[in-house]
**Student:** 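I'd like to ask some things about the structure below.
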Amino acid sequence: DYRDGAKLAAQQLGGDAVTLAIYNAQANASGTKTAVDALVERGAKIIIGPAQAGLLNAVPSGGNPPVVAFVTNGAQRKNGVFAFLSDAVDSSIEAAAYAIGAGRKKIVIVHAADADQASLARLRSGISAKGGTVIADIPVSANSTGELASRAAQLQGAQAIVLAPGLRSPAATLAGLRATGALPASALILATPDFPPGPAGAGVLMCRVDQL
């Protein structure tokens, strides 16, 4: 599918200015490096691939040539390597962008207590880049009434709530947040497509991750 998409793009958009060279590499670091070296030797201006984050060390850094890899933005990669795939953090950032565009710039992030810190940092940074302000982070471990009630004061100024990726039961978390009585009625509730279908999701906004 990746190959056919690239061929179609080269043919329809590239005209006579773009040619496509395809190298079928073994799915390991050695095979990937051999393929990349061969493409660079042939004068490749852009390299497309690999499709596994664990193989990114086999591609050149510095953007000469630039590499478009089929990995998510959360993957560790060198300068000049660009991620092509969206993930749940991107979904949350885009949902937040919608809220920010609607004037709801004061945002509270509700996340699992053991959430990946790098993903949280990327979420905060993405919200900030879209023009929002994270006014509070609320970690959730058990969705207990007491746990969420103790955070009620942090909810009062929220214009939007982001139910971050990784919450074990986002519907139960949302119910607990509403049960505190501190959640402003006008606050937008933003979630990822992992939010379960059903009445609990009424009014919840989400942005789907790109589909290939």
Side-chain angles (χ1 to χ4, degrees), residues 1 51-53 68-77 82-145 147-148 151-152 154-180 182-212:
D1 291 340
Q52 299 176 25
V68 178
F70 292 102
V71 297
T72 67
N73 281 318
Q76 294 294 318
R77 57 193 191 277
F82 301 92
F84 188 77
L85 304 183
S86 298
D87 60 13
V89 174
D90 296 311
S91 170
S92 293
I93 292 171
E94 291 306 315
Y98 172 82
I100 292 163
R104 315 294 180 86
K105 298 184 178 183
K106 295 180 180 180
I107 295 174
V108 171
I109 297 175
V110 181
H111 59 85
D114 59 354
D116 177 69
Q117 292 302 307
S119 295
L120 280 178
R122 184 155 66 93
L123 177 56
R124 295 186 195 102
S125 176
I127 290 173
S128 177
K130 297 293 185 179
T133 300
V134 177
I135 62 172
D137 279 274
I138 299 181
V140 176
S141 58
N143 290 320
S144 69
T145 302
E147 178 186 31
L148 294 172
R151 302 282 185 167
Q154 294 176 290
L155 296 170
Q156 292 174 357
Q159 295 175 321
I161 302 291
V162 172
L163 300 176
L167 282 168
R168 290 174 181 80
S169 180
T173 297
L174 177 56
L177 292 169
R178 286 173 168 159
T180 65
L183 188 62
S186 61
L188 296 180
I189 307 299
L190 314 174
T192 71
D194 292 334
F195 197 97
V204 175
L205 303 176
M206 61 189 73
C207 177
R208 285 196 174 276
V209 174
D210 285 346
Q211 304 293 306
L212 287 182

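Excluded from the calculations below are hydrogen atoms, water molecules and symmetry mates; all remaining heavy atoms, backbone and side chain alike, are included.
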**Student:** Might you work through the side-chain contact (heavy atoms from CB on, under 4.5 Å) test for Ile161 and Leu155, ending with a clear yes or no?
**Tutor:** CA-CA 8 Å; Ile161 302 291; Leu155 296 170; 3.9 Å; yes
**Student:** Roughly how far, to the nearest 0.5 Å, is the CG atom of Leu167 from the CG atom of Asp194?
**Tutor:**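 That separation rounds to 10.0 Å.
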**Student:** Side-chain donor-acceptor pairs under 3.5 Å in residues 99-116, sequence neighbours left out?
**Tutor:**
from	atom 1	to	atom 2	distance (Å)
Arg104	NH1	Ser186	O	2.5
Asp114	OD1	Arg168	NH2	3.3
Asp114	OD2	Arg168	NH2	2.6
Asp116	OD2	Ala118	N	3.4
Asp116	OD2	Ser119	N	2.8
Asp116	OD2	Ser119	OG	2.8

**Student:** The criterion is side chain to side chain donor-acceptor pair (under 3.5 Å); which residues satisfy it with Gln156, sequence neighbours excluded?
**Tutor:** none
**Student:** State, with a plain yes or no, whether a side-chain heavy atom of Pro165 is found less than 4.5 Å away from one of Ser91.
**Tutor:** no
**Student:** As an exercise, state the distance from CG of Leu205 to CG of Leu163, rounded to the nearest 0.5 Å.
**Tutor:**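 Taking CG in Leu205 and CG in Leu163, the distance rounds to 11.0 Å.
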**Student:** Could you go through residues 124-136 and list every donor-acceptor pair under 3.5 Å that involves a side-chain atom there, pairing it with any protein atom two or more places apart or in another chain?
**Tutor:**
from	atom 1	to	atom 2	distance (Å)
Arg124	NE	Asp137	OD1	3.3
Arg124	NE	Asp137	OD2	3.3
Lys130	NZ	Glu94	OE2	3.4

**Student:** Rounded to the nearest 0.5 Å, what separation is found between the CG atom of Leu190 and the CZ atom of Phe195?
**Tutor:** 11.5 Å
**Student:** Between atom CG of Asp90 and atom CG of Asn73, what is the distance when rounded to the nearest 0.5 Å?
**Tutor:**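 Rounded to the nearest 0.5 Å, the CG-CG separation comes to 4.5 Å.
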**Student:** Got a sec, which residues hit side chain to side chain contact (heavy atoms under 4.5 Å, CB included) with Ala53, two or more places apart in sequence or on another chain?
**Tutor:**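 Checked Ala53 against side chain to side chain contact (heavy atoms under 4.5 Å, CB included); matches are Val71, Ala75.
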**Student:** Tell me every residue that passes side chain to side chain contact (heavy atoms under 4.5 Å, CB included) with Arg151, counting only those two or more places apart in sequence or in another chain.
**Tutor:** Ile138, Pro139, Gln154
**Student:** Flag the pair Pro196 / Pro170 as yes when at least one side-chain heavy-atom distance between them is below 4.5 Å, and no otherwise.
**Tutor:**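 Side-chain contact under 4.5 Å: yes.
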**Student:** Compare every heavy atom of Leu177 with every heavy atom of Leu183, then report the nearest pair and how far apart it is.
**Tutor:**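 So the two residues come closest at CB-O, 4.1 Å.
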